[in-house]
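Here the structure comes first, spelled out in structure tokens, and everything after it is commentary.
Just so it is clear: chains get the letters A, B, ... in the order the sequence lines come, proteins before strands, and each one is counted from 1.
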Protein chains: 2
Amino acid sequence: MTVTLADVAARAQVSPATVSRVLNGNYPVAAATRERVLRAVDDLDYVLNGPASALAAATSDLVGILVNDIADPFFGIMASAVQSEIGGPGGRAGGERLAVVCNTGGSPERELTYLTLLQRQRAAAVVLTGGAVEDAEHAAAVAGKLRRLADAGSRVVLCGRPPAPGTDAVALTFDNRGGGRRITEHLISLGHRRIGYIAGPQERTTTRHRLEGHREALAAHGVEDDPALTVHGRYDRRSGHDGTVELLRRDPSLTAVVAANDTVAIGACAALRGAGLRIPDDVSVAGFDDLPFSGDAVPALTTVRLPLYEAGARAGRVAMGKEEPPPGDVATVRGELVVRKSTGVPR
Amino acid sequence: MTVTLADVAARAQVSPATVSRVLNGNYPVAAATRERVLRAVDDLDYVLNGPASALAAATSDLVGILVNDIADPFFGIMASAVQSEIGGPGGRAGGERLAVVCNTGGSPERELTYLTLLQRQRAAAVVLTGGAVEDAEHAAAVAGKLRRLADAGSRVVLCGRPPAPGTDAVALTFDNRGGGRRITEHLISLGHRRIGYIAGPQERTTTRHRLEGHREALAAHGVEDDPALTVHGRYDRRSGHDGTVELLRRDPSLTAVVAANDTVAIGACAALRGAGLRIPDDVSVAGFDDLPFSGDAVPALTTVRLPLYEAGARAGRVAMGKEEPPPGDVATVRGELVVRKSTGVPR
DNA sequence: CTGTTAGCGCGTTCAA
DNA sequence: TTGAACGCGCTAACAG
């Protein structure tokens, strides 16, 4: 039915072992023989059987990339960067590796499910992107999975995610706290004192770190941290809209809104506009991440730029063993304040 | 080292076959025995060996999803929809299927490479999203790959892509031509006569179909189709910006711009604003797709809504055999005109 | 309902 | 430099 290695061997008049060797290029093979084999492969339209190969070699060409939301460019950009680094030569049997982007939807259970699936597939490497869920039990379960993946030979890299204690996974962490601090400092320096904050989901590390940075800035400049000025929601536009409506209800005198990320900020802008407020004349708005659309928003969004592509690419290289892990297996990636048109002096 | 099926069998005091049976749930097993096996699996922290399983069963739990650009929500939305339908029960060994999102970057070579990789992995199904490249040689190569995938037992579904002649792949096609016609008719009905068109890459089906719809509308209403009013570019913001600058240079009197998609439209808006023109007072702008940000743009974008999520979900179900393929294996998915604030009567 | 027996297709020793 | 033989871990008949 389907053509196998043996068929190729027969046609090239060599042994199956020889065919395997030319395909993997791991052993010396006479040039003439290799020619013959390659021709047979071509003639027969032979495609290596991945599972069989992986079984025999006890490793596969799969590289898993876990993302919270594949429809969100924040993750899409990192995923495409990781993927750009894992292709090319270096893989077994033909040189190409298969990037497997897994969409967890932010669900802890699905995260674990996918890690199991990748372990089952004997993935060559696994890259986890985005913040982690702050739940002791889940964190322990993830750590266990990561440890077992590593034991089985998979390289594990965290991208934009804090280190996982109890594992030796390499972590490229975003400096969310520092970014959060800088964006709020920017607003304070403009003269804002009543600053609303629309945070992400309560239990995520990214949410907490950005919020902590915000509070650090308030404290450092002696600005009151009114709990009523912080609301939580998801990392989407809707949350920005609804959160802003709520903040405005609680304190109509606020002069600035900091959003958990750019998508949330866009929703905030919509809500402010809906309330008849001008940006930044009446209320300033700040985001986080600097996604592609942020510069095109009207007004262009002041935000913290995270080098998503660069971080993803580095994670990919580390996962492939093409780059040394950072000292201590942890690197912090800073975000840069980008001041545009959505922030100004308070009215 | 790693625990195998045999280890589980030994601990549960049953044969390996029985363990396999409870794991796959394909054969009747006594409740007591199943209990015992499941406990042993748990005790030993056993994880099925995917490659071995796939080798023996001659099929895998992998489902491939090909996308042109994973960082583009257009594809992200479809991919997440496909993926939402392929999980759950029905897969082998534990019920979960692994969605493999493959990023071709729009490159024909990578498209072929990924198809080979998926064939190599004996993927259970493959979903190709987005337009096809219009190159006879490449089309033939893809058709050949798809045929071989189907022969090997993979189900092949095209989502938002025209049928592939010479294959029996199911196609859920977007009515790009009809959408293109409706958006331009909308502008004509508002009174526009000098309408610029920023098309996508020359050689893609999506580009051609949308453009043809545009021209049909012009012809149907006796509006001159000036070749100078059409420019080509990529499906990104930059192309929208640059294309608009060029169109403005060629004809400063144009009153409307139709963009290849919403992302391009956003770029067009930025360029118009940069030229000191108001939208829609001076120039109307229309997009295509209705991505999440389109309603939040300022002004909110008039566009053609494509039911990306629904189409992706349907493709996923068909790929899983959960839904019957449409009659003739081809279904056309219509886009709906969404009139918002970016279009108005010409100045 | 369960155990026994063969492979699935390939990589990798060990000899030659 | 090449071939022969074995086994990777699992599933799918076939018995019982």
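- Under a 3.5 Å cut-off, the side chain of A/Arg97 and the backbone N or O of A/Asp61 do not form any donor-acceptor pair.
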side-chain contact (heavy atoms from CB on, under 4.5 Å), that's the test. Do B/Tyr309 and B/Ser80 meet it? Break it down for me.
CA-CA 8 Å; B/Tyr309 195 88; B/Ser80 79; 3.7 Å; yes

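- The distance between atom CD of B/Gln13 and atom C1' of C/dG3, rounded to the nearest whole Å, is 14 Å.
- A/Val29 comes within 4.0 angstrom of sugar-phosphate atoms only, judged by non-hydrogen atoms across all strands, and of no base.
- Remark: the backbone N or O of B/Ala319 is paired with a side-chain donor or acceptor of B/Arg155 at under 3.5 angstrom.
- Residue A/Gln13 places its CD atom among 12 or fewer non-hydrogen atoms of other residues, nucleotides or ligands, all under 6.0 Å distant.
- Between C/dG11, C/dC10, C/dT2, one nucleotide has an atom nearer to the side chain of B/Arg21 than all others, and that is C/dT2.
- Using a 4.0 Å heavy-atom distance criterion, A/Leu5 is classed as a sugar-phosphate-only contact.
- Counting non-hydrogen atoms under 4.0 angstrom, A/Val14 reaches the backbone sugars and phosphates but no base.
- Here C/dA16 presents its P atom at 18 Å from OH of A/Tyr27, a figure rounded to the nearest Å.
- Between the side chain of B/Thr205 and the backbone N or O of B/Ala132 there is at least one donor-acceptor pair closer than 3.5 Å.
- Using a 4.0 Å heavy-atom cutoff across all strands shown, A/Ala30 reaches sugar-phosphate atoms only and no base atom.
- A/Asn49 has its CG atom 18 Å from the P atom of D/dC8, to the nearest Å.
- Atom-to-atom, CG of B/Leu55 to C1' of D/dC8 comes out at 9 Å; the value is rounded to the nearest Å.
- Set against C/dC8, C/dG11, D/dA12, the side chain of B/Ala17 has D/dA12 as its closest nucleotide.
- Remark: P of C/dG9 and CG of A/Asn24 are 17 Å apart, rounded to the nearest angstrom.
- Here C/dG9 presents its P atom at 12 Å from CG of A/Leu48, a figure rounded to the nearest Å.
- For the pair B/Arg120 CZ and C/dC8 P, the interatomic distance rounds to 21 Å; values are reported in whole Å.
- The residues A/Glu134 and A/Arg161 are annotated as not salt-bridged, no charged nitrogen and carboxylate oxygen being separated by less than 4.0 angstrom.
- The side chain of A/Asn26 sits closest to C/dT12 out of D/dA13, C/dT12, D/dA12.
- Taking every side-chain heavy atom of B/Thr18 into account, C/dT2 is the closest of D/dG9, D/dT2, C/dT2.
- If you measure from atom CZ of B/Arg122 to atom P of C/dG9, you get 8 Å, rounded to the nearest angstrom.
- When the side-chain nitrogen and oxygen atoms of B/Thr33 are compared with OP1 and OP2 of C/dT2, one or more of them lie within a distance under 4.0 Å.
- Listed nucleotides D/dG9, D/dT11, C/dG11 differ in distance to B/Ser20; the shortest reach to its side chain belongs to D/dT11.
- Between D/dG9, C/dG11, D/dT1, one nucleotide has an atom nearer to the side chain of B/Ala56 than all others, and that is D/dG9.
- Place B/Ala52 and B/Ser15 on DNA chain C by their nearest nucleotides, and B/Ser15 ends up nearer the 5' end.
- If you check every strand for non-hydrogen atoms under 4.0 Å, A/Thr4 touches sugar and phosphate atoms only.
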